[in-house]
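Heads up, the thing below is written out as structure tokens.
None of the values given here were measured: they were computed from a predicted structure.
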Amino acid sequence: MDLFDKLETRPGPLGKFTSDGYGYYTFPKLEGPIGPEMKFNGKDVVVWSVNDYLSVGNHPHIRETDKKAAEQYGLSAPMGARLMTGNSDEHEALERELADFVHKPEALLLNYGYQGIMSVIHALVDRNDYLIYDELSHACIVDGKQLAMAEKSVFKHNDLESLEKQLKRASNKMKPNSSILVVTEGVFGMTGDLGKLKEIIELKEKYPFRLLVDDAHGFGTLGHDGSGAGTQLGCHDGIDIYFGTFAKAVALIGAFVAAEPRVIEFLKANTRSQIFAKSLPMPIVVSARERIKLIRQHPEWREQLWENTKKLRSGLIDLGYNVLPSESPVTPVLTEGSTELAQTIMREMREDHGVFVSGVAYPVVPKGVVLLRLIPMAGHTNEHIQKTLDAFEAIKPTVFSEMSEAVSAE
């Protein structure tokens, strides 16, 4: 069978939506400066779907930094992979600053979060090892698991009994040259709850394993100093390998992994996605350094983010919505309904109320469930929050009518 003909017979679970809803439900085009207000289809909307948690992406000082860095270096330098010709003092300085920020001895800069953690997982374990991961892990971890040659097993989400079962199984099967790597998240991006990091770390007293934590949503937003979920939970030292991305709080491309020196030295020579890829351009690195500096100098940005999160969440709960018990700025609203309901909610919010929210339904979440994920930013105002709550009040007949129909059908 011709490969291209075969592709038409298996569009994948999202194929229908990328075709029928292109430009609206999928691949929408938000225009204008990054912020809590942007344009969609020519209309001004309040945006709750952009991961610029601390509203740093359009900060005037950052815009000026970006401009000067582009003028000084252009977008090409340095050319080549860092292992060969793509290293610089700026890259190394950023790594030192990241390590200091997250209280780890050393850090390694990565080009992207998604490919970065895939490559880190692939590098860390071999065919003699055991890889155990949370079932709600992000797709990048799942894909990293696919690359890894280790024996894999999954534990139920944040279920310590399930994890211990897998640890016991792996421990009993270990050879002299076998190791165990447990992978979880600091913040689970769709539901907003934190990984059971403290409890997982306590299991090290019973089982020989190392812990890798993907803290994409926690880096910059959690902890007294923004150093992440481990700090928030009081167990940061127990995280053996800390992974953070710039794509959330830093509002930029790039990521990093932080650990003890021997681990970083190993990863420098074995993360294939970095060894065989061009280094991050200088303007990105310079901008990242300045953004990290500002984030550390302005804890009030994080405080404002949390204030906005609490106002939004409490307002939604007062309106009768099922807001999942998130422990992070991620604000998930769960309701019963179909894919069509998810599309209706997005359309009504955007067209009738000027509020841009993103919703997901099956196959991203189980059948019969609609999840609206709102991402607060420090730059959201009380007016933005109130406008959004008014919109959620207005669409209640749409949202809850399908729930009523489902109950009646039973």
Side-chain angles (χ1 to χ4, degrees), residues 78 80-113 115-126 128-131 141 144 147-150 177-186 197 200-201 204-205 207-216 218-220 223 225-231 233-246 250 254-277 279-280 285 288-289 292-293 296:
R82 284 188 71 196
L83 188 69
M84 301 298 289
T85 58
N87 198 20
S88 77
D89 289 341
E90 291 285 345
H91 287 71
E92 293 177 351
L94 176 56
E95 288 173 334
R96 291 192 296 271
E97 289 155 8
L98 287 166
D100 182 67
F101 190 3
V102 299
H103 312 298
K104 294 295 180 186
E106 289 191 13
L108 175 64
L109 186 61
L110 305 166
N111 288 3
Y112 290 97
Q115 69 168 200
I117 197 164
M118 286 173 60
S119 197
V120 166
I121 292 171
H122 172 249
L124 286 172
V125 292
D126 63 30
N128 298 300
D129 297 330
Y130 298 87
L131 175 63
I141 294 174
L147 285 177
M149 299 179 71
N177 62 339
S178 295
S179 303
I180 302 173
L181 177 65
V182 174
V183 183
T184 191
E185 300 193 29
L197 304 185
I200 292 173
I201 290 167
K204 287 183 181 182
E205 297 177 5
Y207 304 97
F209 68 91
R210 293 291 188 173
L211 176 63
L212 165 60
V213 174
D214 176 354
D215 203 23
F219 173 61
D225 58 356
S227 59
T231 300
L233 297 171
C235 60
H236 189 69
D237 289 346
I239 297 173
D240 298 298
I241 307 164
Y242 181 89
F243 184 91
T245 176
F246 300 160
V250 186
F256 69 98
V257 58
E260 60 181 85
R262 58 178 172 161
V263 176
I264 298 303
E265 283 303 305
F266 172 83
L267 291 175
K268 284 179 181 178
N270 291 280
T271 47
R272 292 172 64 85
S273 65
Q274 308 306 305
I275 295 169
F276 299 104
S279 176
L280 277 175
V285 177
R289 291 189 65 194
I292 296 295
K293 176 182 174 183
R296 299 184 76 178

Considering the options Asp215, Ile141, Asp214, Leu197, which one meets the side chain to side chain contact (heavy atoms under 4.5 Å, CB included) requirement together with Thr184?
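The side chain to side chain contact (heavy atoms under 4.5 Å, CB included) with Thr184 is passed solely by Leu197 among Asp215, Ile141, Asp214, Leu197.
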Can you spot which of Val125, Leu211, Asp129 makes a side chain to side chain contact (heavy atoms under 4.5 Å, CB included) with Leu181?
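Among Val125, Leu211, Asp129, the one that satisfies the side chain to side chain contact (heavy atoms under 4.5 Å, CB included) with Leu181 is Val125.
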Could you pull out all residues at least two apart from Asn128 that satisfy side chain to side chain contact (heavy atoms under 4.5 Å, CB included)?
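Counting only residues at least two positions away or on another chain, Asn128 forms a side chain to side chain contact (heavy atoms under 4.5 Å, CB included) with Asp126, Lys175, Asn177, Ser178.
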List in chain and number order the residues that pass side chain to side chain contact (heavy atoms under 4.5 Å, CB included) with Phe276, two or more places apart in sequence or in another chain; answer none if no residue qualifies.
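Listed in chain order: Arg272.
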side-chain contact (heavy atoms from CB on, under 4.5 Å) between Ile180 and Leu131: does it pass, once the steps are laid out?
CA-CA 6 Å; Ile180 302 173; Leu131 175 63; over 6 Å; no
Might you point out which heavy atoms bring Asn111 and Ala277 nearest each other, and give the distance in Å?
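Where Asn111 meets Ala277 most closely, the heavy atoms are ND2-CB, 4.0 Å.
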Is the side chain of [X] donor-acceptor paired with the backbone N or O of [Y] at a distance under 3.5 Å, no angle test?
X      : Y      : result
Thr85  : Pro78  : no
Ser88  : His91  : yes
Lys293 : Glu97  : no
Ser227 : Val102 : no

Verify salt bridge (charged side-chain N to carboxylate O under 4.0 Å, His left out) between Lys268 and Glu95, making sure each step is shown before the conclusion.
CA-CA 12 Å; Lys268 284 179 181 178; Glu95 288 173 334; 5.5 Å; no
To the closest 0.5 Å, what do you measure between CG (Leu94) and CG (Leu280)?
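The distance works out to 8.5 Å.
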Working for salt bridge (charged side-chain N to carboxylate O under 4.0 Å, His left out), residues Asp240 and Lys104:
CA-CA 9 Å; Asp240 298 298; Lys104 294 295 180 186; over 6 Å; no
Residues in ring pair (Phe, Tyr, Trp, His ring centres under 6.0 Å) with [X], at least two apart?
X      : result
Tyr112 : none
Phe219 : Phe101, Phe256
His236 : Tyr242

Will you find, in the side chains of Asn270 and His122, an N or O donor that is under 3.5 Å from an N or O acceptor?
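No.
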In terms of side-chain heavy atoms, does Thr271 have a donor or acceptor partner in Ser119 at a distance below 3.5 Å?
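Short answer, no.
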Salt bridge (Lys or Arg N to Asp or Glu O under 4.0 Å) involving Glu260 - partner list, sequence neighbours excluded:
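Per chain and number, Glu260 pairs via salt bridge (Lys or Arg N to Asp or Glu O under 4.0 Å) with Arg262.
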